[in-house]
Asker: 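Please read through the structure below; I'll follow up with questions.
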Amino acid sequence: MSEQDKIKNTEIEPPEIKVEEPAAASTPAEPRRYLWLAIVSILLTAVAWVCGLHSGVAAMIVSAIAIVAGVMSLRSRRHAIRNTAITAIIASAVLLVVICAFIIVIYMGLRTI
């Protein structure tokens with residue numbers, strides 16, 4: 001056998017290629033606290049609107065708490081959770097502005113007369 005026959009008969013194995021997992025799969029799952037904060041924010045917003053029928057001060061307090069819970073849930077990476085939090089923040093802020101404007105205009109305005 002010549003050297004050329006030896007070279008032809010030997011099989012060359014390709015080098016082993018190591019496949020790495022994508023970076024997103026290796027990171028831990030997002031905590032569920034953001035989901036629960038967004039849900040709590042929506043529920044507090046609804047409670048604030050209902051409280052607005054009975055007590056403006058209580059509605060302002062609950063609305064401010066709902067805004068804080070919504071802001072805390074904005075750190076989520078999921079768009080649905082962020083959109084829910086933004087909706088709750090806007091609804092709570094509208095209620096807060098309307099009640100504050102009502103209190104300032106009506107109560108303070110009537111006291112000056």
Side-chain angles (χ1 to χ4, degrees):
M1 249 189 180
S2 68
E3 287 187 35
Q4 291 181 354
D5 291 334
K6 288 181 184 177
I7 293 173
K8 289 180 183 176
N9 289 338
T10 58
E11 293 180 16
I12 300 174
E13 293 183 21
E16 198 172 307
I17 299 173
K18 194 175 197 181
V19 178
E20 294 183 18
E21 295 290 325
S26 64
T27 59
E30 182 178 80
R32 291 201 181 266
R33 70 173 172 250
Y34 299 128
L35 173 67
W36 289 110
L37 280 171
I39 291 171
V40 165
S41 179
I42 283 286
L43 292 176
L44 284 175
T45 302
V47 168
W49 278 91
V50 172
C51 282
L53 299 173
H54 304 290
S55 172
V57 175
M60 286 182 0
I61 293 170
V62 174
S63 179
I65 294 170
I67 290 172
V68 170
V71 168
M72 289 172 55
S73 64
L74 284 177
R75 294 187 62 196
S76 174
R77 289 177 285 174
R78 294 173 47 191
H79 294 290
I81 294 174
R82 279 190 289 183
N83 290 343
T84 303
I86 290 170
T87 303
I89 290 169
I90 291 171
S92 294
V94 166
L95 179 66
L96 193 63
V97 167
V98 167
I99 291 176
C100 287
F102 176 77
I103 289 174
I104 290 170
V105 170
I106 300 298
Y107 288 136
M108 300 299 179
L110 288 177
R111 284 186 183 182
T112 59
I113 296 178

Asker: Kindly compute the distance separating CG (L43) from CH2 (W36), expressed to the nearest 0.5 Å.
Answerer: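 CH2 of W36 is found 9.5 Å from CG of L43.
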
Asker: With side chain to side chain donor-acceptor pair (under 3.5 Å) as the rule and sequence neighbours excluded, what pairs involving residues 89-109 come up?
Answerer: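 Every side chain to side chain donor-acceptor pair (under 3.5 Å) pair that includes a residue of residues 89-109, provided the two are not neighbours, is T45-S92.
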
Asker: When rounded to the nearest 0.5 angstrom, what is the spacing between CZ in R32 and OG in S76?
Answerer: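 If we round to the nearest 0.5 Å, R32:CZ and S76:OG are 11.0 Å apart.
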
Asker: Under a 4.5 Å side-chain heavy-atom rule over Ile, Leu, Val, Met, Phe, Trp and Tyr, are I99 and I89 clustered together?
Answerer: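 Hydrophobic grouping puts I99 with I89.
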
Asker: May I ask whether V50 and L96 are part of the same hydrophobic cluster, defined by side-chain heavy atoms of I, L, V, M, F, W, Y residues being less than 4.5 angstrom apart, directly or through others?
Answerer: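 Cluster IDs for V50 and L96 differ.
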
Asker: If you take all heavy atoms of A91 and W49, which pair is closest and at what distance?
Answerer: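 Heavy-atom minimum between the residues: O-NE1, 3.4 Å.
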
Asker: Shortest non-hydrogen contact from A93 to S63?
Answerer: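 Between these two residues, the closest heavy atoms are N-OG, 4.4 Å.
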
Asker: Is S41 reaching over with its side chain to a backbone N or O of L37, donor-acceptor style, under 3.5 angstrom?
Answerer: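 Side chain of S41 to backbone of L37: no pair is present.
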
Asker: Determine whether V57 and V47 fall in the same hydrophobic cluster, where Ile, Leu, Val, Met, Phe, Trp and Tyr are linked whenever their side-chain heavy atoms lie under 4.5 Å apart.
Answerer: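 The answer is yes; both residues are in one hydrophobic cluster.
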
Asker: Of L95, I103, I65, which meets side chain to side chain contact (heavy atoms under 4.5 Å, CB included) against M60?
Answerer: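 The residue from L95, I103, I65 that satisfies side chain to side chain contact (heavy atoms under 4.5 Å, CB included) with M60 turns out to be I103.
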
Asker: Going only through I, L, V, M, F, W and Y residues with side-chain contacts under 4.5 Å, is there a path from I90 to V97?
Answerer: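 No, separate clusters.
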
Asker: Minimum heavy-atom separation for V62 to L44, with atom names?
Answerer: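 Heavy atoms only, the tightest pair is CG1-O, 3.3 Å.
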
Asker: Return the minimal non-hydrogen interatomic distance between A85 and S73, and the atom names on each side.
Answerer: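 In this case the closest contact between A85 and S73 is CB-OG, 3.1 Å.
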
Asker: Only one of I39, I86, L35, L74 forms a side chain to side chain contact (heavy atoms under 4.5 Å, CB included) with I81, so which one is it?
Answerer: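 The single option meeting the side chain to side chain contact (heavy atoms under 4.5 Å, CB included) with I81 is L35.
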
Asker: Of all heavy-atom pairs between R77 and R82, which one has the smallest distance, and what is that distance?
Answerer: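 Nearest pair, atom of R77 first, then R82: O-NH2, 3.4 Å.
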
Asker: Treat each ILVMFWY residue as a node, draw an edge where side-chain heavy atoms are under 4.5 Å apart, and state whether F102 and L110 are in one component.
Answerer: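 Both belong to a single hydrophobic cluster.
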
